[in-house]
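One-based numbering along the sequence shown.
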Amino acid sequence: MHRRRSQPAAGQSLRVWRISAAQTFRGAPVNAIHIVHRLLQFLPKDARRVIETIVLSLVAGGLAVFFLKATDLLFQHTYGQLVLRSRSMFVAGSLLVISVSSLLVCILLKRNPDAAGSGIPQLKVGYWKELGYVPLRPVLVKLTAGILSLGGGASLGREGPTLYMTGGIASALSGLFGKPKRARRDGLTVGVAAGLAAAFNTPLAAITFVLEELVGDLGNRYLGAVVLASVTGALVVQAAIGPQPAFNLPLLEITTWQLYVLVPFVALLATGCGIALHKAALRIRGALMRLRWRFKWLLPLAGGLLTWCIGIAAFLSTGRTGIFGLGYTDLSVALDEGIAWRLAGILTIGKLAATILSYGFGGCGGIFSPTLFIGGMCGFFAAGLCGPWLSLTPSDQVILAGVGMCTCLCAVIRAPLTSMLIVFEMTHQFSLVPPLMLGVLICEAVVRLSGRENFYTCLLLQDGHELIKINPPRDLESWHRIRAGDLIGSRVVAFESDAVKDARQVLEACPFRCFPVEQEGTLIGLVTRDELTLSVEENRPPRIEPAITCYPGQTIRDLADKFIESPLGMLVVTSEQDGKILGVLTLHDLLRAQAVVLDS
C-alpha cells in the first residue's frame with residue numbers, strides 16, 4: 001500500500017523554490033549560460049544563431065583585449081622600466097626577467113605541450129580533425145604561458161596565441177550552448193575571427209584569414225557568422241582601447257615613381273627573410289624533437305637565454321629593445337620618425353635570429369609580430385641604402401616598410417589577401433594598397449619555388465598530422481559511392497612485429513591512436529597506442545588485435561558491416577594486388593567526411 005506524499009504548504013513551497021534558485025544562480029556563470037541556452041530555444045533558429053554568435057564574439061574579443069593588455073603591462077613594467085636606467089642595469093635586469101619568465105613557461109609547458117608554439121596549427125587540427133573541439137585546459141595554460149613569454153621578452157608574437165585562446169574558449173562555450181564536441185566548427189571560426197579582429201583591430205583581415213587559412217574556402221557557409229564575429233571583435237577592442245590603428249603613421253602625401261623601382265627589391269628581401277624563418281625554425285624544431293634528453297622540457301629556457309644574448313648585442317649597438325617581445329614600439333617609432341638603414345639592418349638580422357631560436361626551441365608565441373617587424377625593417381634598410389641615389393621621400397620609405405611587412409608575413413603564412421589587408425588596416429593608409437599588391441605578386445611567385453606548404457602546415461606534418469580535405473558529394477547516393485581510398489591520408493605508420501624497441505620514438509613523433517603491425521611485409525593485426533605505451537614501459541611484446549581489411553575501391557556503403565566487425569572501430573586499407581598497407585580508415589574519418597557535406 002502506497003502512502004500519499006503530503007503536499008508542502010504554500011510558504012514552504014515558496015521557501016524551497018528560493019533555496020533552489022539561490023543554489024542555481026549563486027555565482028555560477030555556467031548555469032547562467034545554460035539558462036540563456038534554454039531561453040534561446042524559444043527563438044527562431046536564425047535569431048538564435050545570431051545571438052549565440054554575438055555572445056561568443058564578445059567573450060572572445062574580451063579575452064583578446066585582456067591578453068593584449070596583460071602582455072603590454074608586463075613588458076612595460078619590466079623592459080620599459082629597465083631601459084630608462086643604465087645599460088648595465090638593463091643587461092642584468094633583462095637577464096633576470098627573461099630567465100625567470102622562460103623557466104615558468106617551461107614548467108607550464110612540461111605537462112601541457114599542446115600549449116607551445118603559436119597555437120594556429122593546433123586550431124587547424126581542432127577544426128579539421130576534431131570538428132571544432134579544442135580542449136579547454138591548454139587554452140588556459142596558453143593564456144598564462146603567453147603572458148609570461150611575451151611580456152618576459154621572448155621574440156615571438158601574441159596573435160597566434162590569441163587566436164588559439166579565442167577559438168578554444170568559443171569552442172568550450174559552444175558546448176555549454178548545447179553543441180556536441182564534434183559539431184563546434186561554427187563556434188571555433190567565430191572565436192578565431194573575433195580574436196584576430198580584436199588583436200590587430202583588423203576586421204577585414206580577420207574574415208579573410210579564417211576563410212583563407214583556417215577553412216580554406218572563401219565561399220564557406222560560415223561566412224555570415226565570421227563577418228558578424230569580426231565586426232563584434234573590432235567593436236570590443238575599439239571600446240576598450242580606441243578606434244586608432246595599431247600603427248599611427250603620418251599622412252602619406254608626397255610619393256614618387258622611384259618608389260616602384262625599389263618595391264621588387266624590398267619584396268624579394270623580405271620574402272627571403274620569411275622563407276629563412278620558415279626553413280630554419282622548422283629545422284631546429286625538428287632536430288630538437290628527436291633529442292634524447294632528460295631535461296628536454298627546459299628547451300624554452302635555452303631559447304630565451306639565446307634570445308637575450310642577441311637582444312643585448314643589438315641593444316648595445318643600437319640602443320633599441322625591439323629584439324625583445326613584439327618589437328612594436330621600435331617599429332612604430334620607425335614608421336613615424338624613420339630609422340637609419342644601418343640600425344634597420346642590425347635589427348632585421350637580430351630579430352630574425354632571435355625569432356628562429358625562440359620558436360625552434362619550443363617557446364610560447366606566434367610569428368605574426370616578428371614577421372611584421374622583420375619585413376618593416378627590411379623596407380627601411382633598402383630605402384635608406386638606396387635613398388641617396390633615388391631621392392626617396394619619407395612617405396616612400398614608409399610605403400616600402402609596409403611592402404616589407406606584407407611580403408614577409410605572406411612568405412610565412414601563404415595568405416596573400418590576409419597579408420595585404422592586415423597591413424592596410426593596421427595603418428589606415430590607402431596609398432599603400434597598389435605597392436602592397438605588387439609586392440604580394442612577387443612574393444607569391446618566389447615562395448612557390450621554396451615549397452608548396454605554409455609554415456603552419458609544415459608544423460603539422462612535422463608533428464605527424466595530415467589534414468585530409470574532401471570534396472563534398474552532391475547527394476546521398478554520391479555520398480554512398482565515396483571510396484575508402486578518398487578518405488585516407490598518404491602517410492602510413494606501421495610496425496614490424498619485432499620492432500617494439502623503436503616504439504617509443506614512433507609514439508613521440510606520431511599522434512595516431514592505432515598502428516598496423518606487419519610481419520615480413522604481411523599484415524598480421526593492429527596495436528593500440530595505449531598497448532604500445534604499456535609494452536614499452538613493461539619491456540614486453542605488445543598484444544596485437546585482429547585487423548579487418550578493405551580495398552581502396554570499396555565504397556562507404558560496402559564498409560558498413562566491416563566497421564561493425566572491427567573490434568577497434570577501424571579498417572586497414574590494403575592494395576588488391578600485393579596486399580600492401582595503404583592507410584587506416586576510422587569512424588572518425590567518416591564523421592569528418594560527413595561534416596564536409598554538412599558544411600557545404
Side-chain angles (χ1 to χ4, degrees), residues 63 66-67 70-71 74 97-126 129-130 133-154 156 158 160-169 171-172 175 181 281 284-307 357-366 456 459-460 462-465 503-513 528-538:
L63 181 60
F66 171 78
F67 186 62
T71 52
L74 180 57
V97 170
I98 202 167
S99 299
V100 172
S101 62
S102 297
L103 180 59
L104 292 174
V105 170
C106 291
I107 295 172
L108 288 170
L109 298 182
K110 182 179 180 181
R111 294 187 177 182
N112 299 273
D114 288 344
S118 72
I120 293 179
Q122 292 91 327
L123 270 182
K124 297 181 75 170
V125 170
K129 301 186 76 172
E130 303 300 331
Y133 172 69
V134 176
L136 185 59
R137 182 174 178 177
V139 171
L140 301 178
V141 173
K142 174 76 81 175
L143 175 63
T144 308
I147 293 172
L148 291 170
S149 179
L150 304 178
L156 296 168
R158 67 167 170 247
T162 299
L163 301 190
Y164 180 74
M165 289 184 292
T166 55
I169 199 70
S171 173
K181 285 186 177 181
I284 292 175
R285 183 176 182 267
L288 293 177
M289 283 175 62
R290 296 188 295 269
L291 186 65
R292 296 282 184 177
W293 187 38
R294 181 181 177 183
F295 300 102
K296 188 177 177 180
W297 59 278
L298 288 173
L299 286 176
L301 174 59
L305 294 176
L306 291 173
T307 297
L357 292 171
S358 292
Y359 203 100
F361 276 73
C364 183
Y456 303 127
L459 286 170
L460 289 172
Q462 194 174 68
D463 290 338
H465 294 285
R504 188 185 300 274
Q505 184 176 355
V506 175
L507 290 172
E508 291 176 356
C510 301
F512 304 140
R513 186 170 62 88
T528 64
R529 185 182 191 87
D530 293 339
E531 175 61 21
L532 267 180
T533 303
L534 285 175
S535 68
V536 171
E537 293 175 354
E538 299 173 3

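- Counting only distance, with no hydrogens or angles, the side chain of Ser102 and the backbone of Gly304 share no donor-acceptor pair below 3.5 Å.
- The CG atom of Leu301 lies 12.0 Å from the CG atom of Leu109; values are rounded to the nearest 0.5 Å.
- Counting only distance, with no hydrogens or angles, the side chain of Thr71 and the backbone of Leu150 share no donor-acceptor pair below 3.5 Å.
- A pairwise comparison of heavy atoms in Lys181 and Tyr133 identifies O-CB, 3.2 Å as the closest pair.
- Taking CD of Gln462 as the start and CE of Met289 as the end, the distance is 5.5 Å to the nearest 0.5 Å.
- Closest of all the heavy-atom pairs between Pro121 and Leu460 is O-CD2, 3.3 Å.
- With rounding to the nearest 0.5 Å, the separation of CG in Leu143 from OG1 in Thr166 is 11.0 Å.
- Ser171 and Val134 get closest at one heavy-atom pair: OG-N, 3.3 Å.
- Side chains of Phe361 and Leu305 form no contact here, defined as non-hydrogen atoms less than 4.5 Å apart.
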Q.
Would Asp463 and Val125 count as a side-chain contact (heavy atoms from CB on, under 4.5 Å) here? Give the steps.
A. CA-CA 11 Å; Asp463 290 338; Val125 170; over 6 Å; no
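- Distance check, rounded to the nearest 0.5 Å: CG of Leu534 to OG1 of Thr528 gives 8.0 Å.
- Closest approach of Ile98 and Gly153 over heavy atoms only: CD1-O, 4.0 Å.
- In this structure, Phe295 and Trp293 have perpendicular ring planes: the angle between them is above 60°, well past the 30° mark.
- Minimum heavy-atom separation, Gly362 to Pro300: O-CG, 3.5 Å.
- Between Val105 and Thr144 the shortest side-chain heavy-atom distance does not fall below 4.5 Å.
- Side chain of Lys142 to backbone of Gly117: a donor-acceptor contact under 3.5 angstrom is found.
- Remark: the backbone N or O of Leu298 is not paired with any side-chain donor or acceptor of Lys110 at under 3.5 angstrom.
- By the 4.5 Å heavy-atom criterion applied to side chains, Leu459 and Arg285 are counted as neighbours.
- A pairwise comparison of heavy atoms in Cys364 and Ala115 identifies SG-O, 3.5 Å as the closest pair.
- Interatomic distance, CD of Gln122 versus NZ of Lys129, reported as 12.5 Å (0.5 Å rounding).
- Considering CE of Met165 and CG of Leu123, their distance stands at 10.5 Å, rounded to 0.5 Å.
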